[in-house]
Amino acid sequence: MRGPHDVGGLDSGPIDLAEYSLTFWELQIDAIRAVIGSKGIVSTHENRRTIEQFGHEIYDTLSYYERWTAALQRQMVDKGILTQDEIDKKVAQLRIRFQETGDLEGP
Amino acid sequence: MDSFGHDHSHDHPHQSDDKIHAYYQILGQALKELLIEKGIVSASEIQYAMERREATTPANGAKVVARAWLDSEYRKRLFMDANSAAAEFGIELPTTHLVALENTPKIHNVVVCTLCSCYPRDLLGLPPAWYKSKAYRSRVVCEPREVLKEFGTLLPDDVEVRVHDSTADLRYLVVPMRPDDTDDLGEDALRSLITRDTMIGVALAGRTI
């Protein structure tokens, strides 16, 4: 059965040729992934595998770097490097910081 | 393509989508901060990787292609062992087998990664949004001429089109044909004719580009 990533040969509409510059946070996820990869913590293949295992619901809803972010979260929890609980707490903290300062980066 | 680089198009922005996008942006920041706090990665390593990404552009690939246009010995080395030929310019691809594809008057090569977005980043920088899009990935393998037309690239019927599907381990660099009217140009001027799209194979190199 085709996974959601396996799109070769499927019907699709015209190609959107608009040039798009990555946002800061997208570039940052790309960089984190590069560092994690170069340290041998998560290989390119593991990353691909994680993303390919997302069902259509996740794969088709998220943008490219959102998928990478979702994959990184899953990998860090699966490897015991981070816990879901500490991620949830950090996200809650950042939401407050973002509301207060309008800026995700801390002081 | 909306501002989040989505593959699917929306007629109207949905609030639920905005919430999802906002969540992942916060999640990305949360993962970064936690990984730094735990000493798994450092802020400077991330900073360096970001700077390196931004500094890596199709100018790298253009150096390789321009040399291949000018130096027949280099050209031979490039098609025999592209990793080594790129390394002559200090461009190292340690984890990827690189293959250079020769466009000729009879064969036109075009590159895709149907499963994801594998791309010779060290030579071309980050892939454009369309390269990662479902539309390009799904269609170019079955109707390459139609797809090339959307890029404004029309090929004569007697030119064979070869589509190459990349993997994480095997990535391709298309070596476009040198335009005929360029005998007067030096290496730097030639490099300027060699765009990202010519090295993916969706465009032809030409003086008018």
Side-chain angles (χ1 to χ4, degrees), chain A residues 3 5-20 22-39 41 43-45 48 51-52 60-66 68-70 72-73 76 81-82 86-91 93-95 98 104-106, chain B residues 1-9 17 20-35 37-38 40-42 45-54 95-96 112 114-118 126 128-130 132-142 147 150-151 165 168-169:
Chain A
H5 63 289
D6 187 3
V7 302
L10 298 180
D11 287 337
S12 194
I15 297 159
D16 185 339
L17 299 180
E19 290 296 328
Y20 170 75
L22 297 192
T23 62
F24 179 85
W25 87 266
E26 288 173 318
L27 191 62
Q28 185 166 269
I29 285 295
D30 194 280
I32 295 169
R33 168 62 235 144
V35 175
I36 293 278
S38 70
K39 293 185 173 215
I41 298 169
S43 74
T44 302
H45 298 285
R48 184 173 54 81
I51 290 170
E52 288 174 359
D60 297 342
T61 305
L62 301 189
S63 73
Y64 185 79
Y65 282 106
E66 287 168 356
W68 280 33
T69 308
L72 182 62
Q73 173 188 27
M76 292 302 99
I81 294 171
L82 302 176
E86 61 193 351
I87 294 171
D88 291 342
K89 281 185 182 144
K90 181 63 96 175
V91 166
Q93 262 176 32
L94 289 178
R95 279 189 195 284
F98 186 57
L104 272 184
E105 289 283 346
Chain B
M1 184 79 54
D2 63 30
S3 62
F4 290 95
H6 254 139
D7 293 349
H8 57 276
S9 55
D17 280 7
I20 290 169
H21 298 318
Y23 171 72
Y24 279 96
Q25 195 169 339
I26 290 172
L27 177 61
Q29 182 70 21
L31 294 170
K32 175 190 157 187
E33 293 189 13
L34 287 169
L35 290 172
E37 285 166 20
K38 290 189 181 268
I40 307 291
V41 301
S42 72
E45 285 169 332
I46 296 171
Q47 184 63 32
Y48 176 75
M50 289 175 81
E51 286 166 9
R52 189 157 176 273
R53 278 281 172 257
E54 288 195 306
T95 61
T96 294
V112 64
T114 60
L115 297 177
C116 183
S117 55
C118 296
L126 291 171
W130 57 258
K132 303 186 283 188
S133 72
K134 186 184 168 198
Y136 180 76
R137 288 157 53 202
S138 58
R139 289 179 51 217
V140 74
V141 288
C142 54
V147 166
E150 286 176 34
F151 286 88
D165 197 355
D169 293 325

Looking at A:I81, A:I36, A:I87, which one forms a side chain to side chain contact (heavy atoms under 4.5 Å, CB included) with B:L31? A:I87
Among A:D30, A:I41, A:D11, A:D6, single out the residue with the greatest number of heavy-atom pairs under 4.5 Å to chain B. A:D30
As an exercise: rank A:D88, A:L72, A:I51 by heavy-atom pairs under 4.5 Å with chain B and give me the winner. A:L72
Return the minimal non-hydrogen interatomic distance between [X] and [Y], and the atom names on each side.
{"X": "A:D16", "Y": "B:W130", "answer": "O-CB, 3.4 Å"}
{"X": "B:A49", "Y": "A:A31", "answer": "CB-CB, 3.7 Å"}
{"X": "A:A34", "Y": "B:R53", "answer": "CB-NH2, 4.2 Å"}
{"X": "B:Y24", "Y": "A:W25", "answer": "O-CZ3, 4.0 Å"}
{"X": "A:I15", "Y": "B:S133", "answer": "CG2-OG, 4.4 Å"}
{"X": "B:A168", "Y": "A:T44", "answer": "CB-CG2, 3.8 Å"}

Should [X] and [Y] count as side-chain neighbours, where that means a heavy-atom distance under 4.5 Å?
{"X": "B:L34", "Y": "A:M76", "answer": "no"}
{"X": "A:Q93", "Y": "B:E33", "answer": "no"}
{"X": "A:E66", "Y": "B:Y23", "answer": "no"}
{"X": "A:V35", "Y": "B:Y48", "answer": "no"}

Just by modelled atom types, is the [Y] backbone N or O under 3.5 Å from a matching donor or acceptor in the [X] side chain?
{"X": "A:R95", "Y": "B:I26", "result": "no"}
{"X": "A:Q73", "Y": "B:L27", "result": "no"}
{"X": "A:K39", "Y": "B:I40", "result": "yes"}

Examine whether an atom of [X] lies under 4.5 Å from a heavy atom of chain A, and if so say whether it belongs to the side chain, the backbone or both; otherwise answer neither.
{"X": "B:V41", "answer": "both"}
{"X": "B:E54", "answer": "side chain"}
{"X": "B:E51", "answer": "neither"}

Under 4.5 Å from any heavy atom of chain B, what part of A:I29 do you find: side chain, backbone, both or neither? side chain
Separation of [Y] [atom2] from [X] [atom1] (nearest 0.5 Å):
{"X": "B:Q29", "Y": "A:Q28", "atom1": "CD", "atom2": "CD", "result": "5.5 Å"}
{"X": "B:D169", "Y": "A:H45", "atom1": "CG", "atom2": "NE2", "result": "3.5 Å"}
{"X": "A:L27", "Y": "B:M50", "atom1": "CG", "atom2": "CE", "result": "4.0 Å"}

Side chain to side chain contact (heavy atoms under 4.5 Å, CB included) filter on B:S42, not counting sequence neighbours, yields B:S44, B:E45
side-chain hydrogen bond (donor to acceptor under 3.5 Å, both in side chains) partners for A:E86, two or more places apart: B:K38
